[in-house]
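Hydrogens, waters and symmetry mates are skipped; everything else that's a heavy atom, side chains included, is used.
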Amino acid sequence: MKSISLKIAAILCVMTMIACNNSKDEALNEGRPAPVPLDSLLVPKGKAMVNIAYFDSISSKKLSDIPIKAYTIRSQELLIAMGLDSSLISKAIYNNIRVYLAYQPSGEKQGTPGYKLYIVPVVGANLDAYPPIGGKDVMLDKNGKGIKPELLGNYADGDQYVLDLNTPCPNTCAINGDLLTKKISH
């Protein structure tokens with residue numbers, strides 16, 4: 001009877017250890033969303049160009065200054081913002097990305113109307129030069145892989161894509177909203 005009790009106790013201990021290890025792994029991944037399917041992130045280049053031009057036209061009407069069209073961002077800045085060690089920059093294929101401001105009006109056949117932020121890798125940029133060198137945008141193929149700028153002629157516009165990785169605020173504003181609390185009077 002003692003040996004059966006010891007065997008049962010040993011089995012319970014092993015099961016408890018396995019359960020603890022599994023719950024530890026689950027806790028580490030808690031709140032991390034599953035990857036989004038790539039095809040839902042890719043937007044054809046032509047559509048992006050129309051939406052970027054639309055944003056440019058409406059913003060230039062509202063602002064007397066030349067509107068900002070895009071931002072070139074160092075990969076290192078993205079790593080830091082995501083809480084990753086910036087030494088991982090050596091593993092990045094591209095040192096910079098560019099994000100384009102865009103707007104998709106309602107009534108379009110594809111996509112959700114509203115503000116957009118299109119993202120592309122960049123080659124040849126040097127943000128530390130004076131004046132900074134913008135480099136060239138890298139379009140993506142249907143698998144999300146970069147197309148070398150010198151090979152773009154081998155791809156039809158419909159086979160070139162940009163990433164649309166965003167959901168604009170107010171739907172996704174920060175809960176604390178600290179950066180949005182300051183009001184300016186004109």
Side-chain angles (χ1 to χ4, degrees), residues 28-29 31-60 63 65-104 108 110-169 171-174 179-180:
L28 289 174
N29 292 322
R32 293 189 185 180
V36 177
L38 179 64
D39 62 346
S40 70
L41 303 175
L42 295 173
V43 173
K45 174 185 172 184
K47 180 161 192 55
M49 290 173 69
V50 167
N51 291 340
I52 291 166
Y54 191 84
F55 177 83
D56 184 40
S57 70
I58 60 172
S59 62
S60 62
L63 304 170
D65 199 0
I66 298 171
I68 293 172
K69 299 177 184 201
Y71 291 91
T72 304
I73 302 168
R74 290 175 182 88
S75 297
Q76 181 181 10
E77 294 168 355
L78 293 175
L79 291 171
I80 292 168
M82 292 187 303
L84 297 172
D85 188 334
S86 63
S87 68
L88 291 173
I89 192 72
S90 64
K91 297 188 185 298
I93 296 172
Y94 303 102
N95 292 328
N96 299 284
I97 64 157
R98 193 163 358 261
V99 293
Y100 284 92
L101 305 170
Y103 186 82
Q104 180 174 329
E108 295 284 319
Q110 291 179 311
T112 307
Y115 291 97
K116 304 287 182 184
L117 190 68
Y118 295 127
I119 302 168
V120 293
V122 174
V123 293
N126 183 348
L127 303 182
D128 297 322
Y130 187 79
I133 299 168
K136 294 181 179 178
D137 291 344
V138 175
M139 295 298 112
L140 304 173
D141 65 16
K142 65 181 179 182
N143 299 312
K145 304 290 183 204
I147 303 169
K148 292 181 180 180
E150 62 270 16
L151 298 178
L152 283 177
N154 298 337
Y155 291 81
D157 273 355
D159 294 330
Q160 298 176 42
Y161 299 90
V162 301
L163 291 166
D164 181 10
L165 302 177
N166 64 88
T167 306
C169 178
N171 294 340
T172 58
C173 287
L179 292 174
L180 300 175

Are any of the side-chain nitrogens in Arg74 or Asp128 under 4.0 Å away from the carboxylate oxygens of its partner? yes
Could you note down all residue pairs passing ring-ring contact (aromatic ring centres under 6.0 Å, His included) where residues 36-59 supplies at least one of them, sequence neighbours left out? Tyr54-Tyr103
Separation between NZ of Lys145 and CG of Leu38, rounded to the nearest 0.5 Å: 8.5 Å
Under 4.5 Å between any side-chain heavy atoms of Thr72 and Ile97, yes or no? no
Would the distance check show the side chain of Asp85 and the main-chain N or O of Leu88 forming a donor-acceptor pair, the cut-off being under 3.5 Å? no
Give the minimum heavy-atom separation between Asn143 and Asp141, together with the two atoms involved. N-OD1, 2.8 Å
To check you understand the geometry: which heavy-atom pair defines the closest contact between Gly124 and Ile133, and what is its length? O-CG2, 3.6 Å
Hey, are Asn51 and Tyr118 close enough side-chain-wise for a donor-acceptor pair under 3.5 Å? yes
Report the distance from atom CG of Leu78 to atom CG of Asn96, rounding to the nearest 0.5 Å. 9.5 Å
From CG (Asp164) to CG (Leu117), nearest 0.5 Å: 8.0 Å
Any side-chain hydrogen bond (donor to acceptor under 3.5 Å, both in side chains) pairs touching residues 149-162, not counting sequence neighbours? Lys45-Gln160
Rounded to the nearest 0.5 Å, what separation is found between the CG atom of Leu140 and the CD1 atom of Ile147? 7.0 Å
Run through Val138, Asp137, Val120 and flag the one making a side chain to side chain contact (heavy atoms under 4.5 Å, CB included) with Val162. Val120
Roughly how far apart are Leu127 CG and Gln76 CD, rounded to 0.5 Å? 11.0 Å
Let me confirm one number: the CG-NZ distance from Asp56 to Lys69, rounded to the nearest 0.5 Å. 4.0 Å
For Tyr94, is there any backbone N or O sitting under 3.5 Å from a side-chain donor or acceptor partner on Ser75? yes
Which atom names give the shortest non-hydrogen contact between Gly144 and Leu42, and what distance separates them? N-CD1, 4.3 Å
Locate the shortest heavy-atom distance separating Gly134 from Ala125; write the atom from each residue and the value. O-CB, 3.5 Å
